[in-house]
Structures are given as C-alpha cells and as structure tokens.
Amino acid sequence: MVWVNSSQKPKKIKPFSAPKGVPDYVPPISREFEAVRNSFQHRARLAGYEHIELPIFEETGLFARGVGESTDVVSKEMYTFADRGERSVTLRPEGTAGVMRAVIEHNLDRGQLPVKLSYAGPFFRYERPQAGRYRQLQQVGVEAIGVDDPALDAEVIALADACFRGIGLTGFRLELTSLGDNTCRPEYRKKLQEFLFSLDLDEETRHRADINPLRVLDDKRPEVQEQLVDAPLMLDYLSDSSREHFETVTGLLNAMGVEYTINPRMVRGLDYYTKTCFEFVHDGLGAQSGIGGGGRYDGLMAQLGGQELSGIGFGLGVDRALLALEAEQKQASDGRRVDVYGVALGEDAAREMAIQINKLRQAGIRADMSYGGRGLKGAMKGADRAGARFALVLGESELAEGQVQVKDLTEHAQHAVALENLAEELRGLLQ
Ligand code: HAM
C-alpha cells in the first residue's frame, strides 16, 4: 500500500517486469510447459530413474571444481554472491555437479550400482538473452552413476531420443562423438596444441589453446574456422578401450533404431566429459539449436572427493523443446484446461451445479464451471475458452427433473443425463 498525501493526486505505480532473460510461462503456454516436463519425467521413470530434488544454490567451489574453471559457464556466467554469513554461493548453472555432490554426501554410491536419478527444474546462467537463450533455463536431466558400461550410454541416449519423440518432435538430429579417456586424451591434447600454435591466432585464442585447446575448435569466427579444417580430431586418437566403448554404443544404437550422425568436432560447454558425448540439435530454432545434450564423465566423482566411479547423463532443455514444438506446430498437451464445464442458469441451478462439479472432481474428472451468474452466451464462451469437450447445461426445468443437458462441444450434439448418473456417463464419454 502506498501512503498518499490527501492534497496530492494518487501516484501511478509502474508495474514490475520479470528480470531480463527470465521467461514466465503463463497459461496457455504453461500447459505445454507442464506437459513437456511431465512427459520427460515419465520416460525417465519408465527407464528406472528415481527423482532427486536438489538445492537451487550450492557452495561456489562445487561448480568451479566440477564444471571447470576455464568453461564459459564458470568463468563468465555464474550467479555468484556472498550470503549474509559471507559464504560464496552460486545459483546452480547445471545439474550434474549437484547430483554428484548429493550422491557422495548420502553414500548412494555405496549401494546398488548404477545409481539412476532424474531431476527437473530451473538453472541459471548469465548469458546474453536471445530467443531460446535464457538466464533462467529449465531442464529435465538424468544421471546413471557408478558403472562404465557402454550399454548404459546407449540407454541414456535412447531415453533422450524417446523423450523428444514422445512429445511429438521429429525435426531434430542426434550428434555423437567420443572424447576419449585419460589414456588417449593427453596425447591428443598435445597434438592439437602443436597444431593450434602453428596457426595465426590472436593472443586470447592462443591463451585458450594453452588452457583448453578443445574449446578453440568451437570458435565461431570464420577466419578461425578456416584455419581449423585440418585440425587433428579426437576420434582419430582414441585408445583401444575408448574405441571399443564407442563402437559398442553406436552398435547398440543402430540395433535400437536410434538414428545419429557422428560429429567429431563437437565441443561441449562443460569440462567433465570423457568418452561418449552427444547433442540433440533442432533445425527450426535458429542459433540456439541445442535442445539437449550430455555424455559420460569418468573423473567427476573423484574430482569432487568421491570414489573413482564413472557416470553418464543428459540435460534436456524444456524451454527449447517448447520452441521446437512451436516450430513444428505441435502441442504436447491436449490443449484443454478441463474436460467438462458447467453452465448453470439461475441461482438454484448454480448451487446444484457447484455440488455436481465437486462430485465430478472427486470422481477424477477435470471439471470447472461458470461463476458470477453469467448468461448462457457468456458461460458457453467460458466452456470454449477452457477447451472443454463437454458443457453441462442446467436450467430451472432440467433441475426440476433432476437432469442435466450434456452438450458435446466438438460434435455439437446434446442429450439429457440424470444427475445421479452424471459422473459415470461422463467417464464413459471421456474414454
Ligand atoms: P548443457 O548442454 O549445458 O548440459 O545443457 C543442456 C540443455 O539445456 C541444452 O541442450 C539446452 O537445451 C538447455 N540450455 C542450456 N543453456 C540454456 C539457456 N541459456 N537457455 C535455454 N536453454 C538452455 C548440461 O547442463 C549438463 N549438465 C547435461 C548433462 C547431464 N551431462 C551429463 N549429465
């Protein structure tokens, strides 16, 4: 409440907006948002992944150590602040490090392996906002921890593929590569650095080549890309065991009918990846085309103070999946707020309708009604806006007979149903 001096005119208060780059999902889009997230989570449950709910902020060191100091995510994009006790905390920029911290903290890795967990929620990256790139982004992710079995890589990749297909998307591709392990990576890194230092690169890029040469392959500038045509590629330097691992993964994906292309130049934005890495790319999204990605991480758990155990997982971008649905002109939800909408004419009918609608909800039927004594036309508009399949029309005469008119809003037909049979009748009609 704003105190206003009686001699002054009331001050007009400027409404607030959401922070820059932070999307709201309001109806009807929130319906799609929820449908996508639920569908992804449902697929994860089908594959035996259990829910894990993690803090939105963690000790800053967890991400610095887990994700890698030289990544853009850690060096430029974290929301880091000191809390009132002068501890440095960070809004989580991704989910894998937090899952690993919790697995170690709660000794989940001392039980049955692999530990299979899934999560959903917001993540925070201070990126330059644009279409499909937000500062608060939403992911559904899974992690399978503790077993270095290529069959798990195939499971995780096939699961991500099924998530996207399950919401109706078709215009995406899966790119795959292997980043090798700690036996072959150092040699490759040396070869790549030798190559990069022989090029005509600016000071900053040379510095990057020194700390994280792989990242130079991701440089988008044409004058750099031109020079990278003959760069050595990790896939040509894989150790025997990494090669075998990768061949088993691709062989399984072939057998499962999961299509992919090999992209030996893939560079992921997080440093923990080893061996299998993958990205799902949608062609209808413009620059921010990555709708999901993941990979295996051999050293992460040990790096965070846990056992030497490997893991693999993915993060699917819910915001971008929504944009992809829009680009393909598809819906993930059934487009309905409720299935049944009550339209009552007159006070007594409105009272009875409130009781009937409550009964329908108890019977598990999505139901709402028109409030505020609106006339037939206005109330029917409400039924339409709710996307209802059936309107229940109750006037004084129907009420006197203990009946209601059930109006099919797609077929434009109607019939009378006794109030006492209403839930049963509607359940049949809605099947
Ligand atoms: P990521 O590739 O950084 O991986 O993010 C996964 C997905 O989140 C991206 O493919 C994209 O769809 C979405 N995303 C990322 N940044 C933004 C943004 N600024 N705006 C909108 N969407 C965004 C990870 O985060 C890893 N933790 C995935 C993982 C799990 N790897 C192994 N396990």
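Quick note: residue numbers are just sequence positions, from 1. First listed ligand is number 1; within each ligand, the first listed atom is number 1.
- Residue, atom and distance of the protein heavy atom nearest to atom 13 (C) of ligand 1 are Gly317 CA, 3.8 Å.
- For the pair Lys116 (side chain) and Gly48 (backbone), a donor-acceptor distance under 3.5 Å is absent.
- Considering CZ of Arg135 and CZ of Phe124, their distance stands at 13.0 Å, rounded to 0.5 Å.
- Salt-bridge formation is detected for the pair Asp218/Lys220: a Lys NZ or Arg NE/NH1/NH2 atom is positioned less than 4.0 Å from an Asp or Glu carboxylate oxygen.
- For ligand 1, the atoms sitting less than 4.0 Å from at least one non-hydrogen atom of Tyr273 are 26 (C), 28 (C), 29 (C), 31 (N), 32 (C), numbered in the order shown with element in parentheses.
- Residue contacts with ligand 1 leave out Gly269, since none of its heavy atoms falls under 4.0 Å from the ligand.
- Proximity of Asp200 to Glu223: side-chain heavy atoms (C-beta onward) are nowhere separated by under 4.5 Å.
- Residue Leu174 holds its CG atom at 8.0 Å from CZ of Phe278, rounded to the nearest 0.5 Å.
- Close approach to Ile291 involves these atoms of ligand 1, each under 4.0 Å from a residue heavy atom: 10 (O), 12 (O).
- Less than 4.0 angstrom separates some heavy atom of Glu143 from each of these atoms of ligand 1: 30 (C), 32 (C), 33 (N).
- When only interatomic distances are considered, the shortest N/O to N/O separation between Thr96 and ligand 1 falls below 3.5 Å.
- Here the heavy atom of the protein found nearest to atom 28 (C) of ligand 1 is Gly315 N, 3.4 Å.
- Between Leu137 and ligand 1, a contact under 3.5 Å exists for no N or O pair.
- Arg389 and Asp339 are not joined by a salt bridge, as no carboxylate oxygen comes within less than 4.0 angstrom of a charged side-chain nitrogen.
- Set against the non-hydrogen atoms of Arg133, the atoms of ligand 1 under 4.0 Å away are 19 (N), 20 (N).
- Using a 4.0 Å cut-off between charged nitrogen and carboxylate oxygen, Asp334 and Arg31 do not count as a salt-bridge pair.
- A heavy-atom distance below 4.5 Å is found between the side chains of Thr205 and Arg221.
- Those atoms of ligand 1 that come under 4.0 Å of a heavy atom in Tyr272, given as number and element, are 26 (C), 27 (N), 31 (N).
- Side-chain atoms of Thr250 come within 3.5 Å of backbone atoms of Phe246 as a donor-acceptor pair (strictly under, hydrogens ignored).
- Looking only at heavy atoms of the protein, atom 20 (N) of ligand 1 is closest to Tyr134 N, 2.9 Å.
- Close contacts of ligand 1 with Glu94, meaning ligand atoms under 4.0 Å from a residue heavy atom, involve 25 (O), 26 (C), 27 (N).
- Among the candidates Arg87, Arg101, Arg65, the single residue satisfying the salt bridge (charged side-chain N to carboxylate O under 4.0 Å, His left out) test with Glu58 is Arg101.
- Among protein heavy atoms, the minimum distance from atom 19 (N) of ligand 1 is reached at Glu127 OE2, 2.6 Å.
- For atom 15 (C) of ligand 1, the nearest protein heavy atom (residue, atom name, distance) is Arg125 NH1, 3.5 Å.
- Close approach of ligand 1 to Gly290 is summarised as follows: ligand atoms under 4.0 Å from at least one heavy atom of the residue are 9 (C), 10 (O), 11 (C), 12 (O).
- Nearest protein neighbour of atom 22 (N) of ligand 1, counting heavy atoms only, is Arg320 NE, 3.5 Å.
- Atom-to-atom distance recorded for Thr177:OG1 and Glu279:CD is 10.5 Å, nearest 0.5 angstrom.
- From the protein, the heavy atom lying nearest to atom 21 (C) of ligand 1 is Gly132 O, 3.3 Å.
- No heavy atom of Gly141 sits closer than 4.0 Å to any atom of ligand 1.
- The closest protein non-hydrogen atom to atom 24 (C) of ligand 1 is Leu270 CD1, 3.4 Å.
- The closest side-chain donor-acceptor pair between Thr71 and Asp271, if any, does not fall under 3.5 angstrom.
- His282 places a side-chain N or O within donor-acceptor distance of the main-chain N or O of Gly284, the cut-off being under 3.5 Å.
- Under 4.0 angstrom from ligand 1, there are no non-hydrogen atoms of Ile312.
- Close contacts between ligand 1 and Arg268 involve ligand atoms 1 (P), 2 (O), 4 (O) [criterion: under 4.0 Å to a heavy atom].
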